[in-house]
Amino acid sequence: MRKSTGPVAETRWLNGDELAAWLANSAIMISLPAALDARMQREAQLTFFEYMVLSVLSEQPARTMQMSALAARTAASLSRLSHVVGRLEERELLARNRIPGSGRRTTATLTEAGYEVVVAAAPGHVAAVREYLIDDLEPQELAALSRIGAAVDAAIKRKQPDAGSAASPPPEAPTIHSGPRHTAD
């Protein structure tokens, strides 16, 4: 087991205001996804993460995306995504296809049944996001929350050792809370 290299005195402990901000943020990170997940399972028989996967795919051209890019957009490991995609594939909500050529590249494509499920689930999801987060905030608080989220995301991306790899999220943020994109096929 590796020991700490620096004495405790070198730790930049959180002051009272910083600790209060961290604890409030921790509540959001833990409680909000759990509440969204429970509600999504109750109302749509999907986990929150399954909804995210289907929603991101619904926004793509031809409702198709390479698995590594989908993992990045949903902030998931390829292993976690593959497991969830397998479950969604069993339910015929999406299909996987190997990309010809060298390497192990695969796409995920939202099926028509999957599109219908995400379209049906989107209003409940948006209602939950409004109920649990948006509607209780003032406009300036929403603006601050947006800035905070962008700053945290940027800091994480700067500090990740593989920031330049193919698994890094694209510069645009997913619009998973806006619901599926309605396109003419």
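What you see is a predicted model; the values in this text were computed from it and never measured.
Residues A121 and L46 approach most closely at CB-CD1, 4.2 Å, considering heavy atoms. When all heavy atoms of V118 and Y51 are compared, the closest pair comes out as CG2-CE1, 3.6 Å. Shortest non-hydrogen contact noted between Y132 and A35 is CE1-CB, 3.8 Å. Heavy-atom minimum distance, P123 versus V119: CD-O, 3.2 Å. Taking each heavy atom of G86 and R96 in turn, the nearest pair found is CA-NH2, 3.4 Å. Across all their heavy atoms, P33 and I28 have their closest contact at CD-O, 3.1 Å.
Residues forming a salt bridge (Lys or Arg N to Asp or Glu O under 4.0 Å) with E92 (at least two apart in sequence, or on another chain): none. Contacts of Q41 classified as side-chain hydrogen bond (donor to acceptor under 3.5 Å, both in side chains), with partners at least two apart in sequence or in another chain: D37. S31 is linked by a side-chain hydrogen bond (donor to acceptor under 3.5 Å, both in side chains) to nothing, counting only residues two or more places apart in sequence or in another chain. Checked against side-chain contact (heavy atoms from CB on, under 4.5 Å), A113 has the following partners two or more places apart in sequence or in another chain: L93, T111. Partners of S77 according to the side-chain hydrogen bond (donor to acceptor under 3.5 Å, both in side chains) rule, which considers only residues two or more places apart in sequence or in another chain, do not exist here. Not a single salt bridge (Lys or Arg N to Asp or Glu O under 4.0 Å) links E18 to another residue, sequence neighbours left out. By the salt bridge (Lys or Arg N to Asp or Glu O under 4.0 Å) test, R80 is found to be paired with no residue, residues two or more places apart in sequence or in another chain being considered. Shown here are the side-chain hydrogen bond (donor to acceptor under 3.5 Å, both in side chains) partners of E116, two or more places apart in sequence or in another chain: there are none.
Atom-to-atom distance recorded for L70:CG and L57:CG is 5.0 Å, nearest 0.5 angstrom. Here the straight-line distance linking atom OG1 of T109 with atom CD of E89 works out to 10.0 Å at 0.5 Å rounding. Between atom OG1 of residue T74 and atom CE of residue M65 there is a gap of 8.5 Å, rounded to the nearest 0.5 Å. Going from atom CE of M67 over to atom CD1 of I99 covers 10.5 Å, rounded to the nearest 0.5 Å.
Applying the salt bridge (charged side-chain N to carboxylate O under 4.0 Å, His left out) definition to pairs two or more places apart or across chains, those involving residues 43-55 are R39-E43, E50-R87, E50-R91. Within the structure, salt bridge (charged side-chain N to carboxylate O under 4.0 Å, His left out) pairs that include any residue of residues 135-149 comprise R130-D135 (at least two apart or interchain).
Looking at heavy atoms from C-beta onward, V85 lies out of side-chain contact with T106 at the 4.5 angstrom threshold.
Side-chain atoms of S55 never come within 3.5 Å of backbone atoms of M52 as a donor-acceptor pair (strictly under, hydrogens ignored). Under a 3.5 Å cut-off, the side chain of R105 and the backbone N or O of P100 do form a donor-acceptor pair.
The hydrophobic cluster containing I156 also includes I148, V152, under a criterion of side-chain heavy atoms closer than 4.5 Å among ILVMFWY residues, counted directly or through chains of members. The other residues sharing a hydrophobic cluster with L23 are L14, L19, W22, M29, where clustering joins ILVMFWY side chains under 4.5 Å apart.
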Derivation of the side-chain contact (heavy atoms from CB on, under 4.5 Å) call for L145 and L133: CA-CA 10 Å; L145 186 59; L133 181 67; 4.0 Å; yes
